[in-house]
> 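Here it is, the structure in full.
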Amino acid sequence: MSAYPGFLFLILSIGSAACGEKSAPAHSASVQSAGQPPAPSSLPPGESYLAVPGGRIWYKVSGGGSGTPVILLHGGPGYSSFYLKPFEALGDDRTVVRYDQLGGGKSDRITDTTLFTIDHFVRELNSLRAHLGYPKIHLLGHSWGTILALEYYRVHPEHVASLTLASAALDIPAWERNARRLVGTLSDSAQRAIRTREAQRRFDAPDYQAALGEFYGKYVWRHPVQADLDSLMSTVNEAIYNYMQGPSEFTITGTLKRYDGAPMLKDITVPTLYTVGEFDEADPPTIKRFAKMTPGAQVIVFPGAAHLTPWDARDESIRTVRTFLRAADSGSGKP
């Protein structure tokens, strides 16, 4: 497995407490579920843990204002919200909730594969929403997080005010076909290594690792800060990623291999925004197809960006989402 296992579905934050994260209002850290032991006193204000089936999830509440709260859903599966931290800038007019799904990031590690399911992560998200006391939320998902957002909306539409689907991974067979097309744009040596090592199932081979690095540098992140990248990758739970996704972005063998949520898009009745990078492995034409299937949806392509748009198009991402959420709150963003 790669030192940088794939970034498929990332719904993806750039900091941690050590990087100077902004504290939330004092009240946001005080909420505890019944019977849950208090979070360790070492956690900064605004951060806490919530007990869910299988362990505890870490979350952070920041910002404030009268706008409907937004919850950020990171990609992976098995990654963390570290790269989604730029979206905490939305806290100038609403509460922003960033959390690590069970198994990744600062949340408890898990190995029980019965928890590696869409249903588990939907229930986990609903537990967090209810725990925080929000009757309505905006959902901002990135990559795998867009699957989680769509599936949450399917089960709990009454709690969703809008959907922001960034670099959406809603049709995995289509994703895999496009990823294989992108492999064909790599160097001859990279393509040869991928063919050989996939046949041998030697995904830890150095030449396969080098091929992954070439793919990621073109289609996943364009200009990452190395310290941020190292911090993000150090929080990955590869067991979840491998089980649900597979060994890489373009070798999909996991439980999500046949997932296709596109037929549900016609039934969305809340304001919906799609964003995608120009060089995104999520594939701008595919994202535009999703938008056409979604009543009243908007779509924005960020020039020069790859999959990690919160890094590659930080300012544009924040500005676009802020405008969309304000319109959704005002009622002018409805389909």
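Keep in mind that the numbers below use all heavy atoms, side chains included, and drop hydrogens, waters and symmetry copies.
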> Is it true that Ser107 and Gln101 share a donor-acceptor pair across their side chains at a distance under 3.5 Å?
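Their side chains do not contain a donor-acceptor pair, so the 3.5 Å distance test is not met.
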> Just say parallel, tilted or perpendicular for the rings of His159 and Tyr152, cut-offs at 30° and 60°.
tilted
> Given Arg319 and Glu316, is the salt bridge (Lys or Arg N to Asp or Glu O under 4.0 Å) satisfied, shown in steps?
CA-CA 5 Å; Arg319 183 167 54 250; Glu316 299 93 327; 5.2 Å; no
> Does the ring of Tyr134 carry Arg129 above it, NZ/CZ under 6.0 angstrom from centre and within 45° of its axis?
no
> Measure from the ring center of Tyr219 to the ring center of Phe279 and say whether it is less than 6.0 Å.
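No, the ring centres sit 6.0 Å or more apart.
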> Counting only heavy atoms from other residues, nucleotides and ligands, does the tally under 6.0 Å from NZ of Lys292 exceed 12?
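Open: at most 12 neighbouring heavy atoms sit under 6.0 Å from NZ of Lys292.
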> May I ask you to decide if Pro303's main-chain N or O and Glu278's side chain share a donor-acceptor pair within less than 3.5 Å?
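The answer is no, because no donor-acceptor pair under 3.5 Å joins these two groups.
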> Testing Asn237, Ile240, Asp112, Val52 one by one against Leu102 for a side-chain contact (heavy atoms from CB on, under 4.5 Å), which residue passes?
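Filter result, single survivor: Val52.
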> Is a side-chain N or O of Thr185 found less than 3.5 angstrom from the main chain of Leu182, in a donor-acceptor match?
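Such a contact is found between Thr185 side chain and Leu182 backbone.
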> With the threshold set at 4.0 Å, does a side-chain nitrogen-carboxylate oxygen contact exist between Arg197 and Asp204?
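Looking at Asp204 together with Arg197, the answer is no, because their closest N to O distance does not fall below 4.0 Å.
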> In terms of ring plane angle, is the pair Phe116 and Tyr243 parallel, tilted or perpendicular, where the classes change at 30° and 60°?
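Plane angle over 60°, so perpendicular.
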> What do the steps show when you test His138 against Phe324 for ring pair (Phe, Tyr, Trp, His ring centres under 6.0 Å), and what is the final call?
CA-CA 11 Å; His138 296 294; Phe324 170 73; 7.4 Å; no
